Asker: 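Have a look at the structure that comes next, please.
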There are 2 protein chains.
Amino acid sequence: MKRVKKKIFHDYIAKQGLKSTRQRDIILEAFLSSDRHLSIEELYLKLRAKHPNIGYATVYRTLKLFAESGIAREMQFGDGQTRYEHVGEGEHHDHLVCTGCGAIIEFENETIETLQKEVAAAHGFLIQTHKLELYGLCARCRG
Amino acid sequence: MKRVKKKIFHDYIAKQGLKSTRQRDIILEAFLSSDRHLSIEELYLKLRAKHPNIGYATVYRTLKLFAESGIAREMQFGDGQTRYEHVGEGEHHDHLVCTGCGAIIEFENETIETLQKEVAAAHGFLIQTHKLELYGLCARCRG
DNA sequence: CGCATCATGAAAGTGATTTTCACTAACATA
DNA sequence: TATGTTAGTGAAAATCACTTTCATGATGCG
């Protein structure tokens with residue numbers, strides 16, 4: 001899985017005439033081996049431990065590049081920070097966001113997707129993307 | 001409708017030991033008589049025409065107060081600005097957001113709401129709120 | 001290796017709030 | 001009605017989370 005995504009990214013870099021750098025490889029490895037839904041800040045802090053000389057701007061720019069290459073997706077969960085989640089090929093999912101501990105749980109529901117398409121059709125609307133988030137307390141936080 | 005919301009707000013103000021001020025009344029009237037999904041900036045500009053001495057910070061603080069009192073709700077549609085929409089009692093709706101012209105169309109779908117509850121239940125999750133937005137092109141922008 | 005390009009890091013800049021602060025206005029209470 | 005206490009206001013400064021700039025450093029094709 002990691003290898004596939006690394007290849008996708010390197011192919012993208014090459015195709016765009018960009019360069020392969022030590023920093024990009026380090027950030028890519030850190031991103032792929034970390035939690036889904038990481039913010040720039042979180043990834044930056046995680047990296048600083050082992051690579052104190054990597055700048056915030058580089059992490060920011062590289063994450064954008066990941067999104068462009070298709071291995072990551074930008075997300076907003078209302079906490080004011082942009083988060084990047086891993087993208088598997090073709091898959092789509094929505095989220096349960098715990099307002100207690102901040103946990104983000106993914107789920108898929110085909111029926112909901114179908115109904116969304118019906119709603120859009122009824123309004124003559126052409127869907128490009130959608131976003132469904134359920135905010136509340138996870139099983140642990142309901143305590 | 002306006003009268004009901006004004007009462008709700010004034011009751012809230014009183015209950016919290018806050019004060020009723022000229023500015024709050026002006027902002028409340030402007031909010032209630034305007035488009036749904038207004039940004040702070042938009043409301044501020046609209047107000048400046050008739051009341052050039054009302055500050056941005058006051059509009060910002062008052063809108064927050066509206067949200068706390070329950071007559072408005074904060075929303076993010078990915079354009080980097082917080083928007084406030086009117087809240088009717090008990091009602092809930094979701095949005096179609098046109099990426100072409102920025103139009104925001106509301107819709108309701110009971111079946112989707114029900115399915116959301118099922119998903120939450122399956123994860124032991126207690127829903128507080130949710131957010132469903134379909135991004136794409138509206139009938140007009142599809143051309 | 002040479003060098004045209006792209007990349008990086010530190011720091012400055014942005015845009016949208018959010019907070020601070022000195023000054024007012026509300027609303028009991030005298 | 002005059003006061004005192006407390007909340008509210010507006011202008012300006014401060015935050016926050018990016019985003020861009022710029023001088024310097026890598027890359028990698030020829």
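Everything numeric in this text was worked out from a predicted model, so none of it was measured.
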Asker: Hey, can you tell me if B:F66 and B:F31 have their rings parallel, tilted or perpendicular (30° and 60° cut-offs)?
Answerer: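 B:F66 and B:F31: tilted rings.
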Asker: Send over the distance from B:L65 CG to C:dT18 P, rounded to a whole Å.
Answerer: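 Atom CG in B:L65 sits about 14 Å away from atom P in C:dT18.
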Asker: How long is the span from the CG atom in A:L43 to the CD atom in A:E41, to the nearest 0.5 Å?
Answerer: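 CD of A:E41 is found 10.5 Å from CG of A:L43.
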Asker: With sequence neighbours left out, write down each residue that passes side chain to side chain donor-acceptor pair (under 3.5 Å) with A:H86, or none if nothing qualifies.
Answerer: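 Partners of A:H86 under the side chain to side chain donor-acceptor pair (under 3.5 Å) test: none.
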Asker: Extract from the structure each pairing of a protein N or O with an N or O of nucleotides 1-3 of chain D at less than 3.5 Å, listing the distance.
Answerer:
none

Asker: Could you pull out all residues at least two apart from A:D25 that satisfy side chain to side chain donor-acceptor pair (under 3.5 Å)?
Answerer: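 With sequence neighbours excluded, A:D25 shows a side chain to side chain donor-acceptor pair (under 3.5 Å) to A:H10, given in chain and number order.
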Asker: Which is more 5' along DNA chain C, the nucleotide nearest B:S20 or the one nearest A:R61? Just name the residue.
Answerer: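 Upstream on the strand: A:R61.
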Asker: Rounding to an integer number of Å, can you tell me how far A:L18 CG sits from D:dT27 C1'?
Answerer: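 A:L18 atom CG is separated from D:dT27 atom C1' by 12 Å.
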Asker: For B:S69, which residues count as a side chain to side chain contact (heavy atoms under 4.5 Å, CB included) partner, sequence neighbours excluded?
Answerer: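 Scan of B:S69 (side chain to side chain contact (heavy atoms under 4.5 Å, CB included), adjacent residues dropped) gives B:F9, B:Y12, B:I71.
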Asker: State which residues pass side chain to side chain donor-acceptor pair (under 3.5 Å) with B:K2; sequence neighbours excluded, sorted by chain then number.
Answerer: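 Only B:E29 meet the side chain to side chain donor-acceptor pair (under 3.5 Å) criterion with B:K2.
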Asker: Contact list please: residues 22-57 of chain A against DNA chain D, heavy atoms, distance less than 4.0 Å, in numerical order.
Answerer: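 Result for residues 22-57 of chain A: A:I40, A:Y56, A:A57, sorted by number.
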Asker: Do any pairs count as a side-chain hydrogen bond (donor to acceptor under 3.5 Å, both in side chains) and have a residue in residues 50-65 of chain A, sequence neighbours left out, and if so which ones?
Answerer: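 Residue pairs with at least one partner in residues 50-65 of chain A: A:K64-A:E74.
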Asker: Quickly work out the A:I13 CD1 to C:dC6 C1' distance and round it to whole Å.
Answerer: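 One finds 10 Å between C1' of C:dC6 and CD1 of A:I13, rounded.
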Asker: What residues, two or more places apart in sequence or in another chain, satisfy side chain to side chain donor-acceptor pair (under 3.5 Å) together with B:E108?
Answerer: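 Expected list: none.
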Asker: OP1 or OP2 of D:dT9 sitting under 4.0 Å from any side-chain N/O of B:K19?
Answerer: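 Indeed not, no polar side-chain atom of B:K19 lies that close.
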Asker: Hey, can you pull the residues of residues 77-86 of chain A with a non-hydrogen atom under 4.0 angstrom from DNA chain D?
Answerer: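 Going residue by residue through residues 77-86 of chain A, the ones with a heavy atom under 4.0 Å of DNA chain D turn out to be A:G80, A:Q81, A:T82.
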Asker: Restricting to side chain to side chain contact (heavy atoms under 4.5 Å, CB included), what partner residues turn up for B:L18, sequence neighbours left out?
Answerer: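 B:I13, B:Q16, B:R24, B:L65.
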Asker: For B:V87, which fellow cluster members are found when Ile, Leu, Val, Met, Phe, Trp and Tyr are connected by side-chain heavy-atom distances below 4.5 angstrom, either directly or through intermediates?
Answerer: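 Joined to B:V87, directly or through intermediates: none.
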Asker: Identify each donor-acceptor pair in which a side-chain atom of residues 121-143 of chain B lies under 3.5 Å from a protein atom, sequence neighbours left out, and give them as a table.
Answerer:
residue : atom : partner : partner atom : Å
B:Q128  : OE1  : A:T99   : OG1          : 2.7
B:H130  : ND1  : B:Q116  : OE1          : 3.1
B:H130  : NE2  : B:H92   : NE2          : 3.0
B:H130  : NE2  : B:D94   : OD1          : 3.3
B:H130  : NE2  : B:E113  : OE2          : 3.4
B:H130  : NE2  : B:Q116  : OE1          : 3.4
B:K131  : NZ   : B:Q76   : O            : 3.4
B:E133  : OE1  : B:Y135  : OH           : 2.6
B:R142  : NH1  : A:G124  : O            : 3.1

Asker: B:Q76 has an atom CD; how far is it from atom C1' of D:dC18, in whole Å?
Answerer: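 About 15 Å, once rounded to whole Å.
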Asker: Under 4.0 Å from OP1 or OP2 of D:dG8: is there any side-chain N or O of B:T21 that close?
Answerer: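 The answer is no; no side-chain N or O of B:T21 sits under 4.0 Å from OP1 or OP2.
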Asker: Measure from CD on A:Q16 to P on C:dT5 and round the result to the nearest Å.
Answerer: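 These atoms are roughly 17 Å apart.
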Asker: Counting just side-chain N and O atoms, does A:Y60 come under 4.0 Å of either OP1 or OP2 of D:dT19?
Answerer: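 Indeed, a polar side-chain atom of A:Y60 lies that close.
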